[in-house]
Amino acid sequence: MKRTGWWVARLVDRRDETATSATLVLEVPDWPGHLPGQHVDLRLTAEDGYQAARSYSVSAPADGNRVEVTVQRVPDGEVSPYLLEGLSVGDQIEVRGPVGGYFVWRATDPAPVLLVGGGSGVAPLMAMIRARREADSRVPFRLIYSVRSERDVYFADELRRRARDDRGLDVAYVYTREVPEGLSAQAHRVAVADVNTHGWPAQLEPVNFVCGPTGFVEAVSDILVALGHEPRRIKTERFGPTG
Ligand SMILES: Cc1cc2nc3c(=O)[nH]c(=O)nc-3n(C[C@H](O)[C@H](O)[C@H](O)COP(=O)(O)OP(=O)(O)OC[C@H]3O[C@@H](n4cnc5c(N)ncnc54)[C@H](O)[C@@H]3O)c2cc1C
């Protein structure tokens, strides 16, 4: 049965990811489940009845009635600061979804996968990485994760562990502002050389998932097209106007 309405959920847990982001764990009664890559809409209602809704990708695979999202604080934003600072464990919030059927990875697809995430755009890609492990899939996955600095890496410990233990998963970081000590690379935005080195050749017909701020997604998609990837094998999700 397709669910179209708003459902009252409860925040049951939260985990800080970085100084400006956190994962929120919601319990949604009768949740029908979701696929990695899908998103939910969250809606807040003020005492005077004013409502605001925003979309957030699920960052973990389906797990009963639990829905996890990972939210970046947008300075002066209307909804994200409230989700991170105004909502406490036990509070209610309305949820709609799951939404989306295109930007989705299915464990039955044997094609190699390149994930390219910018900032909070790693959230749905993390759901795919976790779902791959849960499905015991051997599909080769590569993640290129663009972040300002090491301090801005979401899921840092888990990614380190998975890059070591999940066979067939490679993780590469591109630092846009501050490169960790000991690395020789210069700070830069994802460029052709990064995608060439850490992505798949177009001849292997991988599926490429690109997610992040609008400008990031457009730049990376252009690089993939220039490297010969068919546009239909480049799946994109745009989070918002700026970095
Ligand atoms: C399909 C989809 C999935 C998304 N998934 C996630 C997710 O998993 N995690 C997450 O943190 N966000 C996600 N977003 C972005 C999210 O929906 C909100 O846009 C974001 O939280 C900002 O909302 P706000 O109310 O705080 O800011 P607003 O009050 O809407 O905007 C405040 C200011 O910030 C600018 N702005 C709006 N959105 C962004 C943005 N994303 N980045 C930078 N500047 C912005 C606006 O232009 C405005 O100037 C997703 C968006 C879409 C469309």
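Ligands are counted one by one from 1 in listed order, and the atoms in each one are counted from 1 as well. Any value given below was found using the heavy atoms of this structure, including those in side chains, with hydrogens, waters and symmetry copies removed.
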Next item on the list: Give a yes/no on ligand 1: does Val71 have at least one heavy atom closer than 4.0 angstrom to it?
Entry: yes
Notebook entry, point to check: For ligand 1, which atoms have a heavy atom of His39 less than 4.0 angstrom away?
Noted result: 1 (C)
Note to self: What I want to know is whether Glu78 and ligand 1 share at least one N or O pair that is separated by under 3.5 angstrom.
What the structure shows: yes
Check: In a check of side-chain contact (heavy atoms from CB on, under 4.5 Å) between Glu68 and each of Met126, Arg14, Arg15, which one passes?
Finding: Arg15
Note to self: Suppose we screen for side chain to side chain contact (heavy atoms under 4.5 Å, CB included). Which residues come up paired with Val113, at least two apart in sequence or across chains?
What the structure shows: Trp105, Leu115, Val139, Phe141, Val207, Phe209
Item checked: Atoms in ligand 1 flagged as close to Pro81, the criterion being non-hydrogen separation under 4.0 Å -> 26 (O)
Note to self: Looking at Tyr173, is its backbone amide N or carbonyl O close enough to the side chain of His198 to form a donor-acceptor pair, meaning the two atoms are under 3.5 Å apart?
What the structure shows: no
Next item on the list: Following the transitive rule for hydrophobic clusters with a side-chain heavy-atom cut-off under 4.5 Å over Ile, Leu, Val, Met, Phe, Trp and Tyr, establish whether Val40 and Phe103 coincide in one cluster.
Entry: no
Margin query: What I want to check is whether the side chains of Asp152 and Thr18 have a donor and an acceptor closer together than 3.5 Å.
Written below: no
Check: Taking atom types as modelled and ignoring hydrogens, do the side chains of Thr45 and Arg43 form a donor-acceptor contact shorter than 3.5 angstrom?
Finding: no
Notebook entry, point to check: Is any N or O atom of Ser80, backbone or side chain, closer than 3.5 Å to an N or O atom of ligand 1?
Noted result: yes
Check: What are the atoms of ligand 1, with element, lying closer than 4.0 Å to any heavy atom of Ala123?
Finding: 8 (O)
Notebook entry, point to check: Who gets closest to atom 53 (C) of ligand 1 by heavy atom: Arg238, Gln72, Arg54, Met126?
Noted result: Arg238
Next item on the list: Could you tell me which atoms of ligand 1, counted from 1 in the order shown, lie closer than 4.0 angstrom to a heavy atom of Glu237?
Entry: 1 (C)
Item checked: Proximal candidate to atom 9 (N) of ligand 1 [heavy atom criterion; set Asp41, Thr70, Val74] -> Thr70
Next item on the list: Provide the number and element of each atom of ligand 1 under 4.0 Å from a heavy atom of Gly240.
Entry: 40 (C), 41 (N)
Next item on the list: Using a 4.5 Å cut-off on heavy atoms from C-beta on, say whether the side chain of His39 contacts that of Tyr56.
Entry: no
Margin query: Considering both backbone and side-chain atoms of Ser55, is one of its nitrogen or oxygen atoms within less than 3.5 Å of a nitrogen or oxygen in ligand 1?
Written below: yes
Item checked: Geometric N/O contact Val79 with ligand 1, under 3.5 angstrom -> yes
Notebook entry, point to check: Pairs in or reaching into residues 118-127: which pass salt bridge (charged side-chain N to carboxylate O under 4.0 Å, His left out), with residues at least two apart or in two chains?
Noted result: none
